[in-house]
Chemist: 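Before we start, here is the structure in question, set down as structure tokens.
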Amino acid sequence: MTKKIFLHVGCGYSNINNTPFQESEWNEIRLDIDPKKNPDIIGSIVHMNNIKNHSIDALYSSHNIEHLYPHEVEPALREFKRVLNPSTGFAIITCPDIKRICGMVSKGRLHESAYESVIGPITPFDILYGNSKSIQKGNLHMAHHCGFTEESLASELTKSHFTDIAIMTRSVPPFDIWSIGTCYNTSKEELKDLADKYFP
């Protein structure tokens with residue numbers, strides 16, 4: 001059986017084992033702006049010039065669209081859609097849920113631990129502005145320049161002409177939003193099946 005290809009954008013050090021995609025079904029292409037992460041392709045998610053139109057079956061973007069400036073979000077999502085197969089392609093995008101994080105901030109918990117990660121405690125301040133320790137080490141590309149709620153992410157996907165959209169939020173750490181945008185028309189049942197398969 002020929003495996004399908006998914007593009008793991010902003011992959012960092014992660015690989016297929018840290019994604020919802022199963023190795024038995026998918027081949028992974030890793031893209032990152034930082035050459036230290038040893039990606040297959042070095043580049044920005046705003047300009048993925050090394051990737052041909054309609055050449056990718058699925059795309060996975062985990063916690064990197066918040067690193068963009070607001071004016072870069074729509075161009076990046078349009079790039080996502082451009083590289084995807086128009087008949088079967090879909091994107092899985094996850095990012096922090098600013099609405100939930102701001103709830104913590106409103107209770108005076110800006111610098112308290114929201115949850116523990118593999119790199120240590122993560123605070124609402126880190127979620128809003130980027131991981132302080134990483135930025136302090138000179139990794140300025142790790143700063144956060146925008147943020148999303150469930151509603152705003154759905155709006156951005158719609159503006160970028162994704163056809164059908166499903167979104168969920170998690171009220172448990174890491175307090176994130178998960179979305180799926182397809183390049184093709186789906187039934188409610190088909191969209192639910194995709195969300196059930198790829199959402200946590």
Chemist: Can you name the nearest heavy-atom pair linking Pro121 to Asp126, along with the distance?
Modeler: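 That would be O-OD2, 4.0 Å.
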
Chemist: Minimum heavy-atom separation for Leu31 to Leu7, with atom names?
Modeler: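 For Leu31 versus Leu7, the nearest heavy atoms are CB-CD1, 4.2 Å.
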
Chemist: How about CD on Glu23, more than 12 heavy atoms from neighbouring residues, nucleotides or ligands closer than 6.0 Å, or not?
Modeler: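 Open: at most 12 neighbouring heavy atoms sit under 6.0 Å from CD of Glu23.
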
Chemist: Compare all side-chain heavy atoms of Val46 with those of Tyr69 and state whether any distance is below 4.5 angstrom.
Modeler: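 No, side chains not in contact.
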
Chemist: Can you tell me if Glu190 uses its side chain to pair, donor with acceptor, with the backbone of Ser187 under 3.5 Å?
Modeler: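 Indeed, once roles are kept as given, a pair shorter than 3.5 Å links the two residues.
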
Chemist: Whether the side chain of Thr94 engages the backbone of Ile177 through a donor-acceptor N/O pair (distance < 3.5 Å, no angle test) should be reported.
Modeler: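 Side chain of Thr94 to backbone of Ile177: a pair is present.
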
Chemist: Checking the side chain of Asn131 only, and the main-chain atoms of Met142 only, is there a donor and an acceptor separated by less than 3.5 Å?
Modeler: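 Pair absent, no side-chain N/O of Asn131 close to backbone of Met142.
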
Chemist: May I ask you to decide if the ring planes of His67 and His144 are parallel, tilted or perpendicular, using 30° and 60° as cut-offs?
Modeler: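 Aromatic pair His67/His144 classed perpendicular.
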
Chemist: Would you compute the distance between atom CG of Asn53 and atom CG of Leu84 and round it to the nearest 0.5 angstrom?
Modeler: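 Here the rounded value is 11.0 Å.
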
Chemist: Could you see if Val118 belongs to whatever hydrophobic cluster contains Phe175? Use Ile, Leu, Val, Met, Phe, Trp, Tyr and a side-chain cutoff under 4.5 Å.
Modeler: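 Linked within one cluster.
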
Chemist: State plainly whether one hydrophobic cluster holds both Tyr60 and Ile56, where clusters connect Ile, Leu, Val, Met, Phe, Trp and Tyr through side-chain heavy atoms under 4.5 angstrom apart.
Modeler: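 Hydrophobic grouping puts Tyr60 apart from Ile56.
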
Chemist: Mind checking whether Phe80 and Leu191 sit in one hydrophobic cluster, side chains of I, L, V, M, F, W, Y counted as touching below 4.5 Å?
Modeler: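 Each belongs to a different hydrophobic cluster.
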
Chemist: Could you give the distance from CE (Met48) to OG (Ser55), rounded to the nearest 0.5 Å?
Modeler: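 Here the rounded value is 9.0 Å.
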
Chemist: Does the Ser179 side chain pair with the main chain of Ile93, one donor and one acceptor, at a distance under 3.5 Å?
Modeler: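 Checking the backbone N and O of Ile93 against the side chain of Ser179, a donor-acceptor pair under 3.5 Å is found.
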
Chemist: In terms of relative ring orientation, are Phe21 and Tyr198 parallel, tilted or perpendicular, with 30° and 60° separating the classes?
Modeler: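 It falls in the tilted class, 30° to 60°.
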
Chemist: Checking Asp57 side chain against Ile5 main chain: does a donor-acceptor pair fall under 3.5 Å?
Modeler: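 Yes, because the side chain of Asp57 sits within donor-acceptor range (under 3.5 Å) of the backbone of Ile5.
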
Chemist: To check you understand the geometry: which heavy-atom pair defines the closest contact between Leu110 and Thr123, and what is its length?
Modeler: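 Scanning both residues completely, I find the closest heavy atoms to be O-CB, 3.7 Å.
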
Chemist: Give the C-alpha distance, both sets of side-chain angles, the deciding distance and a yes or no for side-chain contact (heavy atoms from CB on, under 4.5 Å) between Val105 and Leu128.
Modeler: CA-CA 10 Å; Val105 174; Leu128 288 171; 4.0 Å; yes

Chemist: Is it true that Phe90 and Tyr184 have ring centroids separated by less than 6.0 Å?
Modeler: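 Here the rings of Tyr184 and Phe90 have centres that are no less than 6.0 Å from each other.
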
Chemist: Could you grab the distance from atom SG of Cys183 to atom NZ of Lys81, nearest 0.5 Å is fine?
Modeler: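 Here the rounded value is 5.0 Å.
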
Chemist: Which label fits Phe125 and Tyr129: parallel for a plane angle under 30°, tilted from 30 to 60°, or perpendicular past 60°?
Modeler: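 Phe125 vs Tyr129 ring planes: tilted.
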
Chemist: What heavy-atom pair brings Ala114 and Pro124 nearest, and what distance separates the two atoms?
Modeler: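 Looking at all heavy atoms of both residues, the shortest contact is CB-CD, 4.2 Å.
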
Chemist: Can you name the nearest heavy-atom pair linking Thr169 to Arg100, along with the distance?
Modeler: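 Heavy-atom minimum between the residues: OG1-NH2, 4.4 Å.
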
Chemist: Does the side chain of Ile119 come within less than 4.5 Å of Lys133's, by heavy atoms?
Modeler: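 Result no, sub-4.5 Å side-chain heavy-atom pair not found.
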
Chemist: Starting at OG of Ser106, measure out to CD1 of Ile101 and round the result to the nearest 0.5 Å.
Modeler: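 Spacing of OG (Ser106) from CD1 (Ile101) equals 11.0 Å.
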
Chemist: Are Ile180 and Ile92 close enough, and set up right, to give a side-chain contact (heavy atoms from CB on, under 4.5 Å), and what steps lead you there?
Modeler: CA-CA 5 Å; Ile180 185 167; Ile92 304 290; 3.5 Å; yes

Chemist: Please tell me whether Ile98 and Ile167 are part of a single hydrophobic cluster in this structure, the criterion being side-chain heavy atoms less than 4.5 Å apart.
Modeler: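 Ile98 and Ile167: separate clusters.
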
Chemist: Taking the side chain from Arg109 and the backbone from Gly103, do they hold a donor-acceptor pair closer than 3.5 Å?
Modeler: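 Looks like no, no N/O pair under 3.5 Å.
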
Chemist: Could you state the interatomic distance from OG (Ser134) to CG (Leu140), rounded to the nearest 0.5 Å?
Modeler: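 One gets 9.0 Å once the value is rounded to the nearest 0.5 Å.
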
Chemist: Taking Arg30 for its side chain and Asn15 for its backbone only, find out whether a donor-acceptor pair lies under 3.5 Å.
Modeler: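 Flag not set: sc Arg30 to bb Asn15 has no pair under 3.5 Å.
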
Chemist: Quick one, Tyr115 with Ile127, criterion side-chain contact (heavy atoms from CB on, under 4.5 Å). Give me CA distance, side-chain angles, the key distance, then yes/no.
Modeler: CA-CA 11 Å; Tyr115 63 92; Ile127 296 168; 3.9 Å; yes

Chemist: Is His145 atom NE2 crowded by more than 12 heavy atoms from other residues, nucleotides or ligands, each under 6.0 Å away?
Modeler: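 Result for NE2/His145: enclosed.
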
Chemist: So do His54 and Lys52 actually touch side chain to side chain, heavy atoms under 4.5 Å?
Modeler: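 Lys52 vs His54: side chains apart.
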
Chemist: Can you list the steps and then say if Glu151 with Thr149 is a side-chain hydrogen bond (donor to acceptor under 3.5 Å, both in side chains)?
Modeler: CA-CA 5 Å; Glu151 296 81 6; Thr149 64; 3.3 Å; yes

Chemist: Linking I/L/V/M/F/W/Y whenever their side-chain heavy atoms sit closer than 4.5 Å, directly or via other members, would Trp178 and Phe148 fall into one cluster?
Modeler: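 No, separate clusters.
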
Chemist: Short question: side chain of Ser160, backbone of Glu156 - any donor-acceptor pair under 3.5 Å?
Modeler: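 At least one qualifying donor-acceptor pair exists.
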
Chemist: Roughly how far, to the nearest 0.5 Å, is CG of Leu59 from CD1 of Ile29?
Modeler: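 Those atoms lie 10.5 Å apart.
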
Chemist: Keeping the roles fixed (side chain from Asn85, backbone from Ser87), state whether a donor-acceptor pair exists under 3.5 Å.
Modeler: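 Present.
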
Chemist: Indicate yes or no for a side-chain donor-acceptor contact from Asp32 to the backbone of Lys37 under 3.5 Å, with no hydrogens or angles considered.
Modeler: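 Checking the backbone N and O of Lys37 against the side chain of Asp32, no donor-acceptor pair under 3.5 Å is found.
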
Chemist: Is any NZ, NE, NH1 or NH2 atom of the basic residue among Lys197 and Asp193 found under 4.0 Å from an Asp or Glu carboxylate oxygen of the other?
Modeler: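 Result for this pair is no, no salt bridge flagged.
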
Chemist: Is there a side-chain contact between Cys95 and Leu153, using heavy atoms and a 4.5 Å cut-off?
Modeler: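 Heavy-atom side-chain distance check passes, below 4.5 Å.
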
Chemist: Side-chain contact test, heavy atoms from C-beta onward, threshold under 4.5 Å: evaluate it for Thr19 versus Trp26 and give yes or no.
Modeler: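 Side-chain contact under 4.5 Å: no.
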
Chemist: When you check the gap from the basic side-chain N to the acidic O, do Lys192 and Glu189 get nearer than 4.0 Å?
Modeler: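 Not counted as a salt bridge, because no side-chain N and carboxylate O are separated by less than 4.0 Å.
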
Chemist: Where is the tightest heavy-atom contact between Ser44 and Ile33, given as atom of each residue plus distance?
Modeler: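 Scanning both residues, the minimum pair turns out to be CB-CD1, 4.3 Å.
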
